[in-house]
Number of protein chains: 2
Amino acid sequence: MNAIEILKQHNIKKTPARLSMINAMKGCTSPMSENEMKTQMGELYDRITFYRNVQSLSEVGIIHKIVADNTTVKYALNSCEHGHNHTAEHAHFFCKTCRAVICMNQIKIQSYQLPEGFQFSDCDVIIKGLCKKCNVMPELQLEPQL
Amino acid sequence: MNAIEILKQHNIKKTPARLSMINAMKGCTSPMSENEMKTQMGELYDRITFYRNVQSLSEVGIIHKIVADNTTVKYALNSCEHGHNHTAEHAHFFCKTCRAVICMNQIKIQSYQLPEGFQFSDCDVIIKGLCKKCNVMPELQLEPQL
DNA sequence: AGTACATTTGCAACATTGTTACATTTGCAA
DNA sequence: TTGCAAATGTAACAATGTTGCAAATGTACT
């Protein structure tokens with residue numbers, strides 16, 4: 001499904017900034033930082049508009065925001081070509097060295113039993129450590145993608 | 001165990017700022033924001049020193065930093081009077097309304113099987129929703145503690 | 001107690017990230 | 001084509017986090 005269809009399907013206006021955001025994410029296999037998005041979006045990137053669209057696209061469920069760390073936020077399409085869904089039902093891995101965020105599709109998020117009176121909304125699981133590249137071959141470490 | 005003993009036990013220098021931080025956290029049942037800490041610490045609070053001590057106290061394992069949200073970071077003593085340990089082995093609840101972070105001591109963090117080559121370090125589980133107060137009696141909502 | 005030295009502190013300056021107000025433009029439906 | 005709500009972009013601001021450096025302080029050793 002292309003960007004235009006995605007917006008239409010969610011009943012949200014088609015604007016160049018939104019199309020650009022969605023297309024940037026479509027071209028990437030793992031969650032992207034604001035800076036990576038900015039690079040992809042080029043002229044169509046405006047910081048304030050970006051933040052507002054992160055808000056609106058999240059609200060309708062088109063994208064998902066992943067907070068790996070208080071200084072590391074990444075974004076991903078909810079239905080990307082890999083057929084998986086980012087809406088919080090799988091865990092994310094965060095590499096402490098290269099700061100990459102990787103979807104752990106095979107690690108499902110369990111349902112937690114909250115105390116009486118609490119209302120569940122959603123759950124984030126962030127597993128931290130070293131990714132394959134940084135662990136096995138530290139000399140080939142990727143530059144952090146900030 | 002008092003603040004002085006805690007520092008000594010971890011082989012880290014005893015300074016007024018650190019004692020003040022530890023004592024601030026000792027007096028609180030749930031993880032505190034920087035602002036709450038600041039209030040408790042009074043004169044002894046300095047922003048830069050605070051950030052540096054968050055770093056050093058975390059490194060040796062005296063405190064634990066909980067990132068509920070990219071704009072909500074809280075801090076807790078690893079061994080508080082409740083006898084529980086904050087070093088990432090239990091989940092935390094984050095109330096979307098009052099922004100409180102509550103330790104879910106009864107919800108243990110499972111051990112996750114990472115793909116070949118990955119090295120595990122630690123894991124954060126943040127469960128979001130409405131806390132008891134905000135869910136049951138929205139009219140009595142606590143002011144957000146920022 | 002006094003000294004030596006590494007650690008810690010606090011200031012200044014800066015970088016990054018996130019938010020609000022408001023006037024203008026744009027998307028879309030009638 | 002027109003009307004209007006929604007979205008955009010500028011400016012201004014607020015909050016959060018970091019670095020360099022000189023001065024102060026904690027602690028181990030005599």
Side-chain angles (χ1 to χ4, degrees), chain A residues 2-22 24 31-39 41-60 62-63 65-75 96 99 101 144-146, chain B residues 2-22 24 31-39 41-60 62-63 65-75 96 99 101 144-146:
Chain A
N2 67 35
I4 294 179
E5 291 171 323
I6 292 175
L7 290 173
K8 199 161 275 176
Q9 197 184 48
H10 288 86
N11 240 331
I12 177 175
K13 285 187 180 171
K14 174 191 73 175
T15 71
R18 287 175 180 169
L19 292 173
S20 173
M21 283 178 71
I22 294 174
M32 299 168 80
S33 68
E34 180 178 346
N35 264 305
E36 293 172 282
M37 298 278 292
K38 177 180 176 176
T39 303
M41 294 172 68
E43 293 279 307
L44 289 172
Y45 170 85
D46 171 80
R47 209 157 61 86
I48 288 85
T49 302
F50 179 82
Y51 283 116
R52 283 192 283 224
N53 281 330
V54 162
Q55 174 69 26
S56 54
L57 297 179
S58 297
E59 267 172 5
V60 299
I62 294 176
I63 67 170
K65 176 172 142 188
I66 302 152
V67 178
D69 193 64
N70 54 320
T71 57
T72 311
V73 180
K74 305 246 177 170
Y75 307 93
K96 288 184 169 186
R99 302 172 78 84
V101 169
Q145 297 293 318
L146 305 176
Chain B
N2 68 34
I4 294 179
E5 292 171 321
I6 293 174
L7 289 173
K8 200 160 273 177
Q9 197 184 47
H10 288 85
N11 241 330
I12 177 175
K13 285 186 177 170
K14 174 192 72 176
T15 70
R18 287 175 181 169
L19 292 173
S20 173
M21 283 178 72
I22 295 175
M32 300 168 79
S33 67
E34 180 178 345
N35 264 305
E36 293 172 282
M37 298 278 292
K38 177 179 177 176
T39 303
M41 295 173 65
E43 294 277 308
L44 290 171
Y45 170 85
D46 170 81
R47 210 156 61 86
I48 289 88
T49 301
F50 179 82
Y51 283 116
R52 283 193 283 225
N53 280 331
V54 162
Q55 175 68 26
S56 54
L57 296 179
S58 296
E59 268 171 6
V60 298
I62 294 176
I63 67 170
K65 177 171 141 186
I66 302 152
V67 178
D69 191 66
N70 54 320
T71 57
T72 312
V73 180
K74 305 246 176 169
Y75 307 94
K96 288 184 169 187
R99 302 173 78 83
V101 168
Q145 298 291 318
L146 304 178

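We use all heavy atoms of the structure for the numbers below, so side chains are in, but hydrogens, waters and symmetry mates are not. Treat the numbers as computed from the prediction; the structure is a model and nothing was measured. Every chain is numbered from 1, with letters handed out A, B, ... down the list of sequences.
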OG1 of A:T15 to CE of A:M21, rounded to nearest 0.5 Å, is 9.0 Å

Between CD1 of A:I4 and NZ of A:K14, what distance do you get to the nearest 0.5 Å? 5.0 Å

How long is the line joining [atom1] of [X] and [atom2] of [N], in whole Å?
X     : N      : atom1 : atom2 : result
A:K38 : D:dG9  : NZ    : P     : 14 Å
B:N35 : D:dA15 : CG    : P     : 9 Å
A:K13 : C:dT25 : NZ    : C1'   : 11 Å
A:I48 : C:dA23 : CD1   : P     : 17 Å
A:Y51 : D:dT10 : OH    : C1'   : 16 Å
A:Q55 : D:dT8  : CD    : P     : 13 Å
B:L57 : C:dT9  : CG    : P     : 9 Å
B:Y45 : D:dG17 : OH    : P     : 10 Å

Could you check whether the rings of B:F50 and B:Y75 sit parallel, tilted or perpendicular, using 30° and 60° as the cut-offs? perpendicular

Is there a side-chain polar atom (N or O) of [X] under 4.0 Å from OP1 or OP2 of [N]?
X     : N      : answer
B:N53 : C:dT9  : yes
B:T71 : C:dG18 : no
A:R52 : D:dT8  : no
B:T49 : C:dT8  : no
B:N11 : D:dT27 : no
A:N70 : D:dG17 : yes

Between A:K65 and A:T15, who's closer to the 5' end of DNA chain C by nearest nucleotide? A:K65

Under 4.0 Å, heavy atoms only, any strand: does B:K14 hit a base, just the sugar-phosphate, or nothing? sugar-phosphate

Under 4.0 Å, heavy atoms only, any strand: does B:R47 hit a base, just the sugar-phosphate, or nothing? base

Does C:dC28 have a Watson-Crick or wobble partner in any strand here, with both distances under 3.5 angstrom, and which is it? D:dG3

Pair partner, D:dT25 [Watson-Crick or wobble, under 3.5 Å]: C:dA6

Sidechain-backbone polar pair: A:R18 side chain, A:N53 backbone, donor-acceptor under 3.5 Å: no

Selected nucleotide, minimal atom distance to A:D46 side chain, candidates D:dG17, D:dA6, D:dT10: D:dT10

For B:P16 and for A:I12, locate the closest nucleotide of DNA chain D by heavy-atom distance; then report the residue assigned to the nucleotide nearer the 5' terminus. A:I12

Both B:K8 and A:L44 contact DNA chain D. Which one's nearest nucleotide lies toward the 5' end? A:L44

Run the side chain to side chain donor-acceptor pair (under 3.5 Å) check on A:S33 and A:E36 step by step: do they pass? CA-CA 5 Å; A:S33 68; A:E36 293 172 282; 3.2 Å; yes

Could you check A:L57 against A:L7 for side-chain contact (heavy atoms from CB on, under 4.5 Å), going step by step and ending with a plain yes or no? CA-CA 9 Å; A:L57 297 179; A:L7 290 173; 4.0 Å; yes

